[in-house]
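A short worksheet on the structure shown next.
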Amino acid sequence: MAAVKKTISFIAVVIAVLTVIAAILLCAVFPNKYSNLVNSAAAEFDIPRPLVRAVVWTESRFDPSAKSPKGAMGLMQLMPSTLDECASSLGIDNADGFDPETSLRCGCYYLSVLLKKFDGDEDAALVAYNAGETNAKKYLSGEEIYPETENYIKSVAAAKKIYALFDR
């Protein structure tokens with residue numbers, strides 16, 4: 001009986017240690033940088049925080065200096081023209097797409113506009129965010145979308161599930 005109790009205790013310790021290691025690895029892969037700015041922008045535009053974190057993770061892996069080959073920049077990877085339009089709507093002068101607060105506010109504003117435009121259909125809004133509104137309309141009509149955009153939607157959805165685990 002004593003040997004069984006020791007074995008159970010050992011197994012419990014191993015499980016606890018493995019759980020801690022898994023949590024550390026999960027946090028390393030899915031960081032929660034810029035929490036206050038993410039929370040503020042998500043609340044300002046009424047977007048779920050896990051969705052915002054998932055978009056940022058998918059777009060830039062939380063690197064505020066990220067720049068795509070096509071010219072998208074910052075945490076939320078906005079194209080300069082989109083950044084300028086959003087910044088103008090928000091009354092932001094001389095918008096810097098590499099500034100985390102500006103990127104998050106403008107990106108969340110843009111995402112909120114797309115969510116409204118597509119009646120809350122998150123996937124359609126994400127297609128529009130990634131590949132433009134024309135492609136989102138094609139997606140809604142059942143047409144195939146770019147494999148890159150299909151992978152983008154899956155990546156955001158997976159990251160959103162992870163970030164939702166910690167959003168309590």
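Just the heavy atoms: all of them, side chains too, but no hydrogens, waters or symmetry mates, feed the values below. These numbers were taken from a predicted model, which means no experiment stands behind them.
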Whether the side chain of [X] engages the backbone of [Y] through a donor-acceptor N/O pair (distance < 3.5 Å, no angle test) should be reported.
{"X": "R105", "Y": "E101", "result": "no"}
{"X": "S112", "Y": "Y109", "result": "yes"}
{"X": "N130", "Y": "L126", "result": "no"}
{"X": "T58", "Y": "V55", "result": "no"}
{"X": "Q77", "Y": "G74", "result": "yes"}
{"X": "S40", "Y": "N36", "result": "no"}
{"X": "S141", "Y": "K138", "result": "yes"}

A quick test of your reading: do over 12 heavy atoms of other residues, nucleotides or ligands sit less than 6.0 Å from OH of Y146?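 Result for OH/Y146: open.
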Over all heavy atoms of both residues, which pair between [X] and [Y] is shortest? Give the atoms and the distance, please.
{"X": "A41", "Y": "L104", "value": "CB-O, 3.8 Å"}
{"X": "I47", "Y": "C108", "value": "CD1-O, 3.1 Å"}
{"X": "L78", "Y": "G107", "value": "CD1-N, 3.6 Å"}
{"X": "P80", "Y": "G71", "value": "CD-O, 3.6 Å"}

By side chain to side chain contact (heavy atoms under 4.5 Å, CB included) - contacts of A128 (at least two apart):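 With sequence neighbours excluded, A128 shows a side chain to side chain contact (heavy atoms under 4.5 Å, CB included) to L114, F118, E133, A136, given in chain and number order.
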Spacing of [atom1] belonging to [X] relative to [atom2] belonging to [Y], to within rounding of 0.5 Å:
{"X": "K33", "Y": "L75", "atom1": "NZ", "atom2": "CG", "value": "9.0 Å"}
{"X": "M79", "Y": "Y110", "atom1": "CE", "atom2": "OH", "value": "10.5 Å"}
{"X": "D121", "Y": "D119", "atom1": "CG", "atom2": "CG", "value": "8.5 Å"}
{"X": "L83", "Y": "C106", "atom1": "CG", "atom2": "SG", "value": "5.0 Å"}
{"X": "L140", "Y": "I145", "atom1": "CG", "atom2": "CD1", "value": "10.0 Å"}
{"X": "S60", "Y": "F98", "atom1": "OG", "atom2": "CZ", "value": "11.0 Å"}

Side-chain heavy-atom pair S103, D99 within 4.5 angstrom cut-off: no
Do the non-hydrogen side-chain atoms of T149 and N135 ever get within less than 4.5 Å of each other? no
Just by distance, with hydrogens left out, do [X] and [Y] show a side-chain donor and acceptor under 3.5 Å apart?
{"X": "T102", "Y": "D96", "value": "no"}
{"X": "Y152", "Y": "E59", "value": "yes"}
{"X": "R53", "Y": "N39", "value": "yes"}
{"X": "S81", "Y": "D84", "value": "no"}

Given salt bridge (charged side-chain N to carboxylate O under 4.0 Å, His left out), test K160 with E122 step by step and report yes or no. CA-CA 12 Å; K160 182 181 170 192; E122 203 170 280; 2.9 Å; yes
Mutual orientation of the aromatic rings belonging to F62 and Y34 [parallel < 30°, tilted 30-60°, perpendicular > 60°]: parallel
